[in-house]
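To start, I am sharing the structure in question, which I have written as structure tokens.
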Amino acid sequence: MTRHLVTSALPYANGSIHLGHVAGAYLPADLYVRGLRQMGEEVLFVCGADEHGVAITIGAEQAEQSYDEYVAHWREGIKRTFDSLGIEFDTWSGTSICPDHEEMTQEFFRQLDDQGYLIRREIEQLYCAKDEMYLADRYVEGTCYSCGAENARGDECPACGTWIETLRLKEPRCKLCGEAPERRSTSHWFLDLPSLRDAKVADWIKSREWKSNVSAFIKGLLKDAPERAITRDMTWGVPVPADRSAGTSGKVLYVWFDAPIGYISFTKEWARKQGREEDWKLWWQNEDTHLVHFIGKDNIPFHCLVFPSMLWGTGQDYIMPHAVPANEFYQLAGGKFSTSDGHTFDLEAYLADTDAEVVRCYVTSTLPETADAEFNANDLVTFNNAQLASNLGNLGSRVLKFIAKNFDGRIPELDPAHTGDLEGLLFECCADCEDPGVDIKAFRFRRALEDVLALATAANVFMQRCEPWKTNKTDAALAGSQLNILCEWLSLLAAWLAPFAPHKAQELWLQLGGEGQVKDAGWPKVPGPDNPDWRTGLGGRQLGELGTLFPRMDALVPAEN
RNA sequence: GGCGGGGUAGCUCAGUUGGUGAGAGCACAGGAUUCAUAACCCUGAGGUCGCGGGUUCAAAUCCCGCCCCCGCUACCA
């Protein structure tokens, strides 16, 4: 049986997570995982923090914390946000704390080296004699060789926007001490992407089907696949294996090299905690596993070209990604989410007084699946009121309250004499409805939620045509049959809703008098002539305590900016 | 500069490999209804599919040019 190994891009442990991240790589993955599980599939959902790299060291130094403290702070903060959004990984770790990570990463280095895909080369870099370190571009300032501005950074000139080649910067200064750095020759290892591409990866890429927004991107990548440096001169990271360092010291593997390996080392850590350490190979080196990477579009090069190259280049029979459903960017109304520009909002505070499951559903309804999309707090209110409250929530409310008042809170029986007519009408109402599960499996989450809402609409139409409030006055048995059908339908809706709003779905399930967890109830097929055995036999069941599933929200005061 | 994406009803967006008079939700207008969270149901109004060429029997959908918006640019992943 197919196993599904699902990963979400490892969030970088130098800041909090915002809705752009959530919409890009985490919520879709969570929907996918929940959906597949409910459909009976075996799934493992792996994530953790990416904790190495120069941005971390700079951030920690500014915060006057140790690197360990700094990454722990963000690792935990990010996890809290995921928790409050109901994004549930099977394992959550971090590249600097996972006990398997260093060894696994070094093994990759050795294996790639053994296969001949690593190249060692001398390059020149700026070195600060006073601070005794090589300077990453972020540690250098100088005069822009393009416009003459004196405050150019090592990577970009803020005055003219030119992308700076650090070595060409005029009058470079060390950002830490202000002294002029010197050029020094240092040796580094490069990943031989051109060879990997020609040996295997290009053919593999061409043999796969990709989302349209991904395929355009990787086409260009194939043409231009340079050798990439995979080591750096610094201390924070996974050290180059001592047996391969060729006499050099003070070098670590560059963060982009070690980060994706985290998917594997986290899996191994998880497997050991399960008491089956070797099971990690079942997930990573077995053809029956489908590896799916959820990422934002900024990560396409790594997950479609670089990481697959690494996996294959080890010669260890790692599986290649089965799908990379990359999303475009999710922006805050008016522009991209940017903590540094202040164009963001406090997600934790927002979730304190906005129902996280409403946020999940709204974000799902606006996911940047094919193009950039944006979050708008006012639209969220509208969506909640028009779709969740008026359509789905109100459906439950009108059906269940009617039963509470007129049938003592007990779901009426379906009279066999009515079955044919009622199902005929019902199937007519949902004739155009599609199975949300099909769209979930195809990574079309927006449409999947639309499917669910359309199924709620179908039930509203059915009820409107049945008019049980009228039939109940003349033929209570008929009204009972109609309401029975509606309750059956509501229980299906609870199941379909579960991946999107797990708690709401469970609440509806309990209101219907259900037992256990709705997520364990399986995935219903859409009722129809070809699926006549859709009812589960709810007649006679006592309803649970009723409540408002999706309360209406007050419209926000128009934002100032 | 290079690369990628986008410009479709007032708003947010769908529109598979070109083909029945271009769609949904919101908002708007009219009607119907009263079980329900001023909800539900029916009907209607609405668009030169960024601009200009071209290919084709036929293009929002392919090609060329142009104009805007956005993202990325690989030692801030």
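Note that these values count all heavy atoms, side chains included, but never hydrogens, waters or copies made by symmetry. The sequence lines fix the lettering, A, B, ..., with proteins before strands; numbering per chain opens at 1.
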Task: d(CD, Glu450(A); P, A24(B)) in whole Å - done: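 After rounding, the gap between these two atoms is 12 Å.
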Task: Euclidean distance, atom OH of residue Tyr330(A) to atom C1' of U12(B) [Å, nearest integer] - done: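 Rounding to the nearest Å, OH of Tyr330(A) and C1' of U12(B) are 11 Å apart.
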Open item on the list: I'd like the C1' distance from A22(B) over to A59(B), given in whole Å.
Closed with: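 Per the computed distance, 12 Å lies between those C1' atoms.
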Anything under 3.5 Å between a protein N or O and an N or O of nucleotides 13-17 of chain B, put it in a table, one pair a line.
residue : atom : partner   : partner atom : Å
C13(B)  : O2'  : Arg446(A) : NH2          : 2.8
A14(B)  : OP1  : Thr370(A) : OG1          : 3.0

- [ ] Taking atom C1' in both A32(B) and C68(B), compute the distance separating them and give it to the nearest angstrom.
- [x]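 About 46 Å, rounded to a whole number of Å.
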Open item on the list: Classify Leu126(A) by what it touches in the nucleic acid, base, sugar-phosphate, or nothing, heavy-atom distance under 4.0 Å.
Closed with: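 It contacts nothing in the nucleic acid.
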Task: Rounded interatomic separation in angstrom, taking CD from Glu61(A) and P from C76(B) - done: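 Between P of C76(B) and CD of Glu61(A): 16 Å.
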- [ ] Return each pair, listed once, that meets side chain to side chain donor-acceptor pair (under 3.5 Å) where at least one residue sits in residues 296-307 of chain A; pairs must be two or more places apart or across chains.
- [x]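 Of all non-adjacent pairs touching residues 296-307 of chain A, those that pass side chain to side chain donor-acceptor pair (under 3.5 Å) are Tyr263(A)-His303(A), Lys297(A)-Glu328(A), Lys297(A)-Asp372(A).
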TODO: Kindly state each residue pair satisfying side chain to side chain donor-acceptor pair (under 3.5 Å) with at least one member in residues 427-436 of chain A, sequence neighbours excluded.
DONE: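 Only Glu428(A)-Arg465(A), Asp435(A)-Trp523(A) qualify under side chain to side chain donor-acceptor pair (under 3.5 Å).
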Task: From CA spacing to verdict: side chain to side chain contact (heavy atoms under 4.5 Å, CB included), Phe383(A), Asp379(A) - done: CA-CA 6 Å; Phe383(A) 176 80; Asp379(A) 287 355; 6.0 Å; no
Open item on the list: Using a heavy-atom cut-off of 4.0 Å across all strands, would you classify Phe302(A) as base, sugar-phosphate, or nothing?
Closed with: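 Base: the residue Phe302(A), judged by heavy atoms under 4.0 Å, touches a nucleobase.
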Task: Contact letters for nucleotides 32-42 of chain B, in which S counts primed atoms plus P, OP1 and OP2 and B counts the base, heavy atoms under 4.0 Å - done: -SSBBB-SBS-
Task: Rounded distance in Å between the P positions of U8(B) and U48(B) - done: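 Comparing P positions in U8(B) and U48(B) gives a spacing of 12 Å.
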Task: Nucleotide G23(B), atom P - distance to CG of Asp432(A) in whole Å - done: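 Checked: the CG to P distance equals 15 Å.
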- [ ] Respond yes when some side-chain nitrogen or oxygen of Tyr254(A) is under 4.0 Å from OP1 or OP2 of C76(B), and no when none is.
- [x]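 Yes, such a contact exists.
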Task: Arg228(A) charged N/C atom sitting above Trp256(A) aromatic ring, 6.0 Å / 45° - done: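 Pair Arg228(A)/Trp256(A) counts as cation-pi.
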Task: Interatomic distance at P, A27(B) relative to C11(B), whole Å - done: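 The answer is 16 Å between these two P atoms.
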Open item on the list: Only Watson-Crick and G-U wobble pairs with both distances less than 3.5 Å should count. Give RNA chain B in dot-bracket notation, marking inter-strand partners with |.
Closed with: (((((((..((((.....[...)))).((((.........)))).....(((((..]....))))))))))))....
Open item on the list: Roughly how many Å apart are A77(B) and U73(B), using the P atom of each and rounding to a whole number?
Closed with: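 Those two atoms are separated by 9 Å.
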Open item on the list: Taking any heavy-atom pair under 4.0 Å as a contact, classify Ala259(A): base, sugar-phosphate, or nothing.
Closed with: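 Base, at least one base heavy atom under 4.0 Å.
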- [ ] Measure the distance from CG on Asp451(A) to P on A24(B) and round it to the nearest whole Å.
- [x]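 These atoms are roughly 16 Å apart.
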Open item on the list: Would you say Gln125(A) and Thr186(A) are linked by a side-chain donor-acceptor pair, where the criterion is simply a distance under 3.5 Å?
Closed with: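 Checked: Thr186(A)/Gln125(A) side chains show no N/O donor-acceptor pair below 3.5 Å.
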Open item on the list: Between P on C26(B) and CZ on Phe383(A), what's the gap in Å once rounded to a whole number?
Closed with: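 To the nearest whole Å, that distance equals 11 Å.
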Open item on the list: Without decimals, in angstroms, what is the distance between Asn14(A) CG and A77(B) P?
Closed with: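 Whole-Å distance recorded here is 6 Å.
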TODO: Whole angstrom is fine here: how far is it from NZ in Lys297(A) over to P in C70(B)?
DONE: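 Spelled out: NZ on Lys297(A) to P on C70(B) is 12 Å.
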- [ ] Answer whether the closest heavy-atom distance between the side chains of Cys487(A) and Leu512(A) falls below 4.5 Å.
- [x]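 Yes. Closest side-chain heavy atoms under 4.5 Å.
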Open item on the list: Assess, by modelled atom type and distance only, whether the side chains of Arg552(A) and Ser390(A) contain a donor and an acceptor separated by less than 3.5 Å.
Closed with: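 There is such a pair between these side chains.
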TODO: Using the closest heavy atom to pick a nucleotide of RNA chain B for each, name whichever of Phe329(A) or Asp50(A) lands nearer the 5' end.
DONE: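 Here Phe329(A) is the residue nearer the 5' end.
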Open item on the list: Are Trp489(A) and Phe462(A), when compared by the centres of their aromatic rings, separated by less than 6.0 Å?
Closed with: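 Ring centres of Phe462(A) and Trp489(A) not closer than 6.0 Å.
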Open item on the list: Give me the distance, rounded to whole Å, that separates G18(B) from C63(B) when you measure between the P atoms they each carry.
Closed with: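 The same atom, P, in both gives a distance of 11 Å.
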Open item on the list: Work out how far the P atom of C28(B) is from that of G10(B), and round it to whole angstrom.
Closed with: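 That atom pair is separated by 16 Å.
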Open item on the list: Would you measure the distance from the P atom in A60(B) across to the matching atom in U20(B) and give it in whole Å?
Closed with: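 Looking at atom P only, A60(B) and U20(B) are 10 Å apart.
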Task: Modelled atom types, side-chain donor and acceptor of Tyr67(A) and Glu61(A), under 3.5 Å - done: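 Yes, a side-chain donor-acceptor pair sits under 3.5 Å.
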Open item on the list: Between Arg173(A) and Glu141(A) (salt bridge meaning N to carboxylate O under 4.0 Å), is one present in this structure?
Closed with: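 Salt bridge between Arg173(A) and Glu141(A), a charged N being under 4.0 Å from a carboxylate O: yes.
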Open item on the list: Under 6.0 Å between ring centres: does that hold for Tyr127(A) and Tyr134(A)?
Closed with: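 When the ring centroids of Tyr127(A) and Tyr134(A) are compared, they turn out to be within the sub-6.0 Å range.
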Contacts under 3.5 angstrom, residues 445-456 of chain A side chains, donor-acceptor by atom type, not counting sequence neighbours:
residue   : atom : partner   : partner atom : Å
Arg446(A) : NH1  : Leu367(A) : O            : 2.8

TODO: Taking the side chain as every heavy atom from C-beta outward, state whether His418(A) and Gln482(A) have any atom pair closer than 4.5 Å.
DONE: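 SC-SC contact between His418(A) and Gln482(A) ruled out.
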